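Since the model is a prediction, treat every value here as computed from it, not as a measurement. Just so you know, these numbers use all the heavy atoms, side chains as well, and skip hydrogens, waters and symmetry mates. Numbered from 1 within each chain, the chains take letters A, B, ... in sequence-line order.
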2 protein chains.
Amino acid sequence: MRMTRQRREILAVLSRTRSHPSAEEVLRQVRTTLPRVSLGSVYRNLKTLREAGLVREIVTAEGRRYDAVTAPHPHFVCERCSRVFDLARPLPPRALRRALPQGFAVSQIHLELRGTCSECGSQP
Amino acid sequence: MRMTRQRREILAVLSRTRSHPSAEEVLRQVRTTLPRVSLGSVYRNLKTLREAGLVREIVTAEGRRYDAVTAPHPHFVCERCSRVFDLARPLPPRALRRALPQGFAVSQIHLELRGTCSECGSQP
DNA sequence: ATAGAAATAAGACTCATTCTCATTTTAGGC
DNA sequence: GCCTAAAATGAGAATGAGTCTTATTTCTAT
């Protein structure tokens, strides 16, 4: 994978924030340094960087967000402002609830494991 | 909320399966009994039923799926065939891994808490 | 049975994401 | 440093899931 100016800048943007920006937000940031970057390139590069293990995609009900911290970790999604917060890893769900920052109220816990099922795993 | 034929049938479809169908799949099933139902009605009613607490929406990287079991519980998403499997509730992540059905391989664990953050919670 | 409110089917619309393609950039060998 | 083939880019078209609009139909409470 070529480390182009666009990719370097996308990574830089993601590295200097913990706000889990959307693709549009990444574009806005990247354009402050590289004004001609297209939205298509941002999407294409977020995918490439994700496949290279340098970026993590977080799918929430509010849309896809991006993160330069690739180790899987729990998130807290505010259902009002849609912001995504990181939580310390790894904690059992009960402790998680206690470990939440002051004033955060949980309405729903969603635990999703991803991988291959037995049927697909036994196929070539 | 009126319990119309369409809504009753959507609920029936979701109740008689554990396959977490997409809206399109629900439409296909519902049309075997009510052939004139529109996709718009399915979406509208899935939303209404969700707001009434009778249906749960599961957002995965592969799209939105629907479930008549509304209690939050962990899911296993097969990254190859996209099927969503239910897992027994509530288990700490470590035990979850052990509790997985034979032959299921986990590549990623995604824990998402939803609710309101402190900033939004302190606003009217 | 009827009227008013709510729900419906059909299709137009929106908007995030992906695709296409002509042009530009990059990295490696000279 | 220069050249070349492969890879990446920008621009805009295309896709597709989900939402909205509207005229018509169906409920349900009286």
Side-chain angles (χ1 to χ4, degrees), chain A residues 1-14 19-67 77 79 81-84 112, chain B residues 1-14 19-67 77 79 81-84 114:
Chain A
M1 187 195 61
R2 287 185 189 168
M3 188 48 71
T4 61
R5 258 177 295 164
Q6 290 86 340
R7 286 181 187 160
R8 217 187 327 273
E9 194 52 32
I10 288 171
L11 274 181
V13 165
L14 288 179
S19 76
H20 307 86
S22 66
E24 289 278 0
E25 286 159 350
V26 170
L27 176 69
R28 219 171 303 133
Q29 283 299 312
V30 168
R31 279 192 171 163
T32 62
T33 1
L34 304 172
R36 311 179 151 282
V37 171
S38 69
L39 182 57
S41 292
V42 170
Y43 274 112
R44 186 168 7 84
N45 286 327
L46 283 172
K47 190 176 192 176
T48 305
L49 293 167
R50 185 153 44 87
E51 284 162 0
L54 299 172
V55 163
R56 188 170 160 78
E57 185 182 70
I58 305 154
V59 179
T60 76
E62 287 79 14
R64 307 191 193 183
R65 305 310 196 77
Y66 298 89
D67 194 344
V77 181
E79 291 175 325
C81 64
S82 299
R83 276 185 296 175
V84 177
E112 182 179 303
Chain B
M1 185 196 61
R2 288 186 189 169
M3 187 48 71
T4 62
R5 260 177 296 165
Q6 290 86 340
R7 287 180 186 161
R8 215 187 329 272
E9 194 51 33
I10 289 171
L11 273 181
V13 164
L14 289 179
S19 75
H20 307 85
S22 65
E24 290 277 2
E25 286 160 350
V26 170
L27 176 69
R28 217 172 304 132
Q29 283 298 312
V30 168
R31 280 192 171 163
T32 62
T33 0
L34 303 173
R36 312 179 151 282
V37 172
S38 69
L39 182 56
S41 292
V42 170
Y43 275 113
R44 186 171 7 85
N45 286 328
L46 283 171
K47 189 175 193 176
T48 305
L49 293 167
R50 185 152 45 85
E51 284 162 1
L54 298 172
V55 163
R56 188 170 160 77
E57 185 181 70
I58 307 154
V59 179
T60 74
E62 287 80 13
R64 305 191 195 182
R65 305 310 194 76
Y66 298 90
D67 195 341
V77 180
E79 290 174 325
C81 64
S82 299
R83 275 185 296 175
V84 178
R114 305 183 61 82

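Rounding to whole angstrom units, CD of residue Glu25(A) and C1' of dA16(C) are separated by 13 Å. Note: CD (Glu62(A)) to C1' (dT19(D)) measures 17 Å, nearest angstrom. When rounded to the nearest whole Å, the span between CG of Leu27(A) and C1' of dT18(C) equals 16 Å. The separation between Met3(A) atom CE and dG28(C) atom C1' is 18 Å, rounded to whole Å. Computed from coordinates, the Arg44(A) CZ to dA14(D) C1' distance equals 16 Å when rounded to whole Å. Nucleotide dT26(C) holds its C1' atom 13 Å from the CG atom of Asn45(A), rounded to whole Å. Between Glu24(B) atom CD and dT19(D) atom P there is a gap of 13 Å when expressed in whole angstrom units. Nucleotide dT20(C) holds its P atom 18 Å from the OH atom of Tyr43(A), rounded to whole Å.
There is a side-chain donor-acceptor pair under 3.5 Å between Glu62(B) and Thr60(B). In summary, the side chains of Ser41(A) and Gln6(A) do not present any donor paired with an acceptor at a separation below 3.5 Å, with no hydrogens or angles considered.
For Arg5(B), counting side-chain heavy atoms from C-beta on, the closest listed nucleotide (dG10(D), dA9(C), dT26(D)) is dT26(D). Side-chain proximity of Arg2(B) to dA6(C), dT26(C), dA9(C): nearest is dA6(C). Of the candidate nucleotides dA10(C), dT18(C), dA7(C), dA10(C) has the atom nearest to the side chain of Ser38(B).
Between Arg7(A) and the phosphate of dA8(D), there is a side-chain N or O to OP1/OP2 separation shorter than 4.0 Å. Dashed line: the shortest gap from a side-chain N or O of Gln6(B) to OP1 or OP2 of dA9(C) is under 4.0 Å.
With contacts defined as side-chain heavy-atom distances shorter than 4.5 Å, the pair Val13(B)/Glu25(B) does not qualify.
Backbone-only contact: Thr4(B) has heavy atoms under 4.0 Å from sugar-phosphate atoms and none from a base. Looking at heavy-atom distances under 4.0 Å, Leu39(A) makes contact with a base.
A donor-acceptor distance shorter than 3.5 angstrom exists from the side chain of Arg7(A) to the backbone of Arg2(A), with no hydrogens or angles considered. A donor-acceptor pair under 3.5 Å links the side-chain atoms of Arg8(A) to the main chain of Met3(A), judged by distance alone.
Mapping Ala23(B) and Met1(B) onto DNA chain D by nearest heavy atom places Ala23(B) closer to the 5' end of the strand.
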